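Notes follow the structure.
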Number of protein chains: 2
Amino acid sequence: MDETDKKILQQLQRNSKLTTKALAADLGLSATAVYERIRRLERNGMILGYVARIDPVKVHLDFRVFCQVKLSQHVQHQIRTFEKEVDQLKEVVSCYHLGGEYDYLLEICVRDMAAYREFMVSKLTLIPQIGSTHSAFVINTVKQTHELPL
Amino acid sequence: MDETDKKILQQLQRNSKLTTKALAADLGLSATAVYERIRRLERNGMILGYVARIDPVKVHLDFRVFCQVKLSQHVQHQIRTFEKEVDQLKEVVSCYHLGGEYDYLLEICVRDMAAYREFMVSKLTLIPQIGSTHSAFVINTVKQTHELPL
DNA sequence: GCTGAAAACAAATTATG
DNA sequence: CATAATTTGTTTTCAGC
């Protein structure tokens, strides 16, 4: 991972449709060199894959909620079960085990408040390991990026 | 946006390297039909772009922190200034204005605790609008996806 | 909005220095 | 790591339904 690799990753995490030729011109290298570097970054597992970014507003999935969860008990199999359940809920776009008062922070993405209510009532709170929850609603998204600060 | 478009978006947000041919076979359409649908989804703004996903562990940027921020005052120009400042910090991968006790939730991505300390001391807390902060460290990432639950 | 075919282009491989 | 030639496959355009 030298500076050239870093520049390639920076560009590709912004726009993966860049051609090797365009990247090569930008970096002052040949297309083959850039091609080989990208393949190596893929084989290394540095590049996990390529995905399309979809506008949440345009597809009416722009109601976002952060839900903190406290477990009722903290024995290992309870933790595992909870995590497995959460992983299967497609509305949960991320779930972190945190230090602090609450155990987990869940980021939830739904259509609107009615959908969130439905999600809570008929999905999340059905998980028996949950002790208590606290929901915080997103009023405005100031910044949101997948780009790592390389 | 019919069911076919939805299926195309579902696939592309998982793997944007899928060829129109492969998608067409999956959907029982011709490659051209799929091609035209994708172009329309792009022109519509439903597809914002295509990006590479990078492994945070492999590039040593796997120390994640959620930092809640309370502003000292809430006049409009203070809010705008704060948001503009935060937007320029590359370590901040997301920033949400939330309802509840704290005003903002910042998701921060750095190398390690030392880097986080450095970020707080010489970047975040230099923003004068900040009243107080509370940091919660990620112990374990249970789930993390960019995929919207279409 | 779809199909099938043709043209244009980029990716991927190989050879050579 | 560069250049060049080649093959393979995909993207894009087009005529026609």
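Since the model is a prediction, treat every value here as computed from it, not as a measurement. These numbers come from the heavy atoms of this one structure, side chains and all, not from hydrogens, waters or symmetry mates. To find a chain, count down the sequence lines: A is the first, B the second, and so on, and within it residues start at 1.
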- Could you work out which one of dA12(C), dT3(C), dC1(D) sits closest to the side chain of Ser30(B)? dT3(C)

- Over how many whole Å does the gap from Tyr35(A) atom OH to dC9(C) atom C1' extend? 16 Å

- Thr141(B) side, atom OG1; Arg64(B) side, atom CZ - distance, nearest 0.5 Å: 6.5 Å

- Message: Measure CD1/Ile38(B) against P/dG1(C) and give the value in whole Å, please.
- Response: 14 Å

- Query: Given dT10(D), is OP1 or OP2 found less than 4.0 Å from the side-chain N or O atoms of Thr20(B)?
  - Reply: no

- Among dT13(D), dC2(C), dA2(D), the one nearest Ala33(A) by side-chain distance: dA2(D)

- Would you please indicate if the ring centroids of Tyr50(A) and Tyr50(B) are separated by under 6.0 Å? no

- Query: Roughly how many Å is it from CD in Glu3(B) to C1' in dG1(C), rounded to a whole number?
  - Reply: 18 Å

- Query: Of all the choices, dA2(D), dT11(D), dG1(C), which nucleotide is nearest to the side chain of Leu29(A) once you look at every atom?
  - Reply: dA2(D)

- Query: Is there a donor in the side chain of Asp103(A) and an acceptor in the side chain of His74(A), or the other way round, less than 3.5 Å apart?
  - Reply: yes

- Note on the structure: By nearest-heavy-atom nucleotide on DNA chain D, the more 5' of Val34(A) and Lys17(A) is Val34(A)

- Task: Spell out yes or no: do the side chain of Thr32(B) and the base of dG4(C) have one donor N/O and one acceptor N/O closer than 3.5 Å?
- Result: yes

- Task: Quick one: sort the His134(B) and Tyr102(B) rings into parallel, tilted or perpendicular, breaks at 30° and 60°.
- Result: tilted

- Message: Without decimals, in angstroms, what is the distance between Arg39(A) CZ and dC1(D) P?
- Response: 17 Å

- Query: Taking atom P of dA2(D) as reference, at what distance in whole Å does atom CD of Glu36(A) sit?
  - Reply: 9 Å

- Query: When you check the gap from the basic side-chain N to the acidic O, do Lys70(A) and Glu101(A) get nearer than 4.0 Å?
  - Reply: yes

- Between dT11(D) atom P and Lys21(A) atom NZ, what is the distance in whole Å? 18 Å

- Message: In this structure, how many angstroms lie between the P atom of dG1(C) and the CE atom of Met1(B), rounded?
- Response: 13 Å

- Message: Measure CG/Leu12(B) against P/dT11(D) and give the value in whole Å, please.
- Response: 10 Å

